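What follows is a set of notes on a single structure, which appears directly below.
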Amino acid sequence: MNQNVKQIIEGFDIKAFQNDLIGWFEKEQRDLPWRKNQDPYKVWVSEIMLQQTRVDTVIPYFNRFIEQFPTLESLAEADEEKVLKAWEGLGYYSRVRNLHAAVKEVKETYGGRVPNTAEEFSKLKGVGPYTTGAVLSIAYGIPEPAVDGNVMRVLSRIFLVWEDIAKAGTRKVFEEIVRQIISYDNPSYFNQGLMELGALICVPGRPSCLLCPVQAHCRAFHEGVQSELPVKTKKGKVKEVQISAAVLENEEGKILIHKRPNEGLLANLWEFPNCETPLTLENPKEQLRNFLRIEYGMEVELAQPFATIQHVFSHLIWNIVVYQGKIVGDIKETERLKLVDKQEIENYAFPVSHQRIWGLTPTTLKC
DNA sequence: CATTCGTGGTC
DNA sequence: TGACCAAGAAT
């Protein structure tokens, strides 16, 4: 494969490309909050947030997160509840639980100093090949490839790489290309320049080739096939699941919430009690009552559904029918089952669908 | 290697 | 409006 990569970059003017790319990035880079300094902790946080997430979405989360946890130590010492709440709505919640664990590891094992070698840094939880390259190059100026979706798109066009970027192994091809062409004088701006170019100019669909600072180096533009690249196979349809959920109130007016398991979908987030109720089921409301009795040992009275909410994930769709109801008698609270005052609910981190459930819940209960 | 993991914006 | 997408990692 090394042989293959050398063939790919044959005849490529590496030095001129570096100058054009870095010169463009120096002039045109966006003013983003994580570019105010090179604090490894803040660069790290930004890179985790930016995984599969748009810049405009991340900006307010990043500012609030850094305000709340200004240093690596402050994050390491924080309660997970607070950390998850700061991430609420950003998605992919294992990112922040891994970051939290990794930051604790850095505090304990490395004296709070973020490791500056790929060997050590990449061992931390939630740190993969991309994040390793991004943080080491941006924070420490180390020439390590940082190959994300942008970089694969940009380089597939520049070098006419027709391999499917949806396949796991393809990333290595681009990492090898970057190792051959990366600037050792300024690996930070080289890597960021590739990504910025992908975000602003070399976009999916119809790129702005007439504005491109490296147009002269681009083989796809030369051939007029920039819109055909990169090659990316599509996924099939996602499964739909029917869910019945309940906003349950006790005699004191407290609301019952449940903390999801510490692994899997929406791990450790809070939710209103719910269960799966397949469409083949005759009486989903009765099924929900049975679930609540068996799972939590409680009796409830349920009203008619007051809302239906769809929650679209990347690989799954929930169709949630929402009931309001009251709890008959007492229940025993546990670590993952709590009765909370209505004003306290805002202190707990919920998935967006359950935020919406609470937003639509009637204030008056009629059973 | 394929699947699991969120969410909101865009065309 | 539905498919696709956006600075990936863990399993």
Side-chain angles (χ1 to χ4, degrees), chain A residues 25 29-30 32-35 43-62 84 87-99 101-102 121-135 137-138 145-154 163-172 174-175 178 188 191-200 202-206 227 230 232-241 260-269 271 309-318 349-356:
Chain A
F25 182 73
Q29 64 170 293
R30 290 166 292 179
L32 300 172
W34 46 89
R35 286 177 176 165
V43 172
W44 186 6
V45 169
S46 75
E47 291 302 339
I48 299 299
M49 285 189 173
L50 285 163
Q51 288 171 9
Q52 300 294 286
T53 311
R54 286 185 152 76
V55 165
D56 289 341
T57 302
V58 166
I59 289 173
Y61 279 92
F62 177 83
L84 269 178
W87 207 268
E88 182 186 45
L90 247 194
Y92 289 137
Y93 299 93
S94 67
R95 290 185 296 176
V96 76
R97 294 187 301 115
N98 285 334
L99 174 63
F121 186 66
S122 63
K123 286 180 184 166
L124 297 166
K125 282 187 183 175
V127 177
Y130 164 75
T131 305
T132 298
V135 173
S137 64
I138 296 172
V147 175
D148 68 345
N150 282 315
V151 172
M152 288 197 284
R153 181 172 60 256
V154 170
E163 294 189 53
D164 182 1
I165 67 168
K167 294 198 170 179
T170 304
R171 195 196 68 250
K172 292 184 190 298
F174 293 100
E175 283 176 348
V178 171
S188 168
N191 280 341
Q192 291 188 76
L194 281 180
M195 292 187 278
E196 195 81 341
L197 193 63
L200 300 181
C202 195
V203 297
R206 320 224 171 288
S227 294
K232 188 177 185 182
T233 54
K234 303 161 189 172
K235 297 179 188 174
K237 294 171 190 164
V238 300
K239 291 178 184 174
E240 292 195 36
V241 176
R260 295 176 57 82
N262 62 9
E263 287 183 345
L265 186 64
L266 303 167
N268 282 356
L269 268 63
E271 65 184 359
I309 289 172
Q310 188 173 64
H311 190 151
V312 179
F313 302 89
S314 40
H315 63 297
L316 182 69
I317 295 176
W318 281 351
F350 288 87
V352 290
S353 54
H354 287 247
Q355 296 176 43
R356 191 163 301 124

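In this text, all values refer to a predicted model and were calculated from it rather than measured experimentally. In what follows, chains are A, B, ... by sequence order, proteins preceding strands, each numbered from 1.
Only the P atoms considered, C:dC4 is 15 Å distant from B:dT3, to the nearest whole Å. Between the C1' atoms of B:dC11 and C:dA6, the separation comes to 15 Å (whole Å). Across B:dG6 and C:dC5, the matching C1' atoms stand 13 Å from one another, rounded to whole Å.
Scanning both residues, A:Gly205 and A:Ser227, for their nearest heavy atoms gives O-OG, 3.3 Å. The minimum heavy-atom distance linking A:Arg153 with A:Val203 is given by the pair NE-C, 3.6 Å.
Which of B:dA2, C:dG8, B:dT7 sits closest to the side chain of A:Ala168 comes down to B:dA2. Distances were taken from every side-chain heavy atom of A:Pro351 (C-beta onward) to each of B:dG6, B:dT7, C:dA9; the shortest belongs to B:dT7. Comparing atom distances between the A:Pro204 side chain and each of C:dC5, C:dG8, B:dG6 picks out C:dC5 as nearest. If you check B:dG6, B:dT7, C:dC4 against the side chain of A:Gln52, the one that comes closest is B:dG6. Out of B:dT7, C:dG8, B:dA2, the shortest distance to the side chain of A:Thr131 is found at C:dG8. For A:Tyr93, counting side-chain heavy atoms from C-beta on, the closest listed nucleotide (C:dC5, B:dT7, C:dA9) is B:dT7. The side chain of A:His315 has B:dC5 as its nearest neighbour among B:dC5, B:dG6, C:dA6. Side-chain atoms of A:Tyr92 lie closest to C:dG8 of the nucleotides B:dT7, C:dG8, C:dC5.
Look at A:His311 and you'll find a side-chain N or O under 4.0 angstrom from OP1 or OP2 of B:dT7.
What separates NZ of A:Lys167 from P of B:dC1 is a distance of 8 Å, to the nearest Å. Going from atom CZ of A:Arg171 over to atom P of C:dA10 covers 11 Å, rounded to whole Å. Taking atom CG of A:Asp164 as the reference point, atom P of B:dA2 lies 9 Å away to the nearest angstrom. Atoms CG (A:Leu84) and P (B:dG6) sit 11 Å apart, rounded to a whole Å. Rounded to a whole Å, the CD atom of A:Glu88 is 13 Å from the P atom of B:dG6. Separating the CG atom of A:Leu316 from the P atom of B:dT3 is a distance of 15 Å, rounded to the nearest angstrom. At whole-Å resolution of the value, CD in A:Glu240 and P in C:dG2 are 10 Å apart. Separating the NZ atom of A:Lys239 from the C1' atom of B:dG6 is a distance of 18 Å, rounded to the nearest angstrom.
If you check distances only, the side chain of A:Ser314 does reach the base of B:dG6 with a donor-acceptor pair under 3.5 Å.
Across all strands, A:Trp87 comes closer than 4.0 Å to no nucleic acid atom at all (heavy-atom distances). When heavy atoms are screened at a 4.0 angstrom cut-off, A:Val127 is found touching the sugar-phosphate backbone but no base atom. Among the atoms of the strands shown, base atoms are found under 4.0 Å from some heavy atom of A:Leu32. Within 4.0 Å (heavy atoms only), A:Arg35 reaches at least one base atom of the nucleic acid. No contact: A:Arg97 has no heavy atom under 4.0 Å from any strand. Residue A:Thr53 is in base contact, counting any heavy-atom pair closer than 4.0 Å across all strands shown. When heavy atoms are screened at a 4.0 angstrom cut-off, A:Gly198 is found touching no nucleic acid atom at all. Among the protein residues, A:Gly205 comes within range of no part of the nucleic acid, since none of its heavy atoms lies under 4.0 Å from any strand.
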Next item on the list: Any chance you could lay out the side chain to side chain donor-acceptor pair (under 3.5 Å) test for A:Ser353 and A:Glu271, step after step, and finish with the verdict?
Entry: CA-CA 9 Å; A:Ser353 54; A:Glu271 65 184 359; over 6 Å; no
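Nucleotides of DNA chain B nearest to A:Phe350 and A:Lys235 differ in position, and the one nearer the 5' end is that of A:Lys235. Between A:Lys237 and A:Val147, the residue anchored nearer the 5' end of DNA chain C, judged by the nucleotide with its closest heavy atom, is A:Lys237. Each of A:Glu263 and A:Glu47 was matched to the nucleotide of DNA chain C holding its nearest heavy atom; the match closer to the 5' end belongs to A:Glu47. Sequence order on DNA chain B of the closest nucleotides to A:Arg95 and A:Ala166 puts A:Ala166 first from the 5' end.
Considering only heavy atoms from C-beta on, A:Arg260 stays 4.5 Å or farther from A:Asn268 through its side chain. Counting only heavy atoms from C-beta outward, the side chains of A:Thr53 and A:Arg95 approach each other to under 4.5 Å. In this structure the side chain of A:His315 never reaches within 4.5 angstrom of the side chain of A:Lys235, judged on heavy atoms.
When each of A:Tyr92, A:Trp318, A:Tyr93 is paired with A:Phe313, the ring pair (Phe, Tyr, Trp, His ring centres under 6.0 Å) condition holds for A:Trp318 and for no other.
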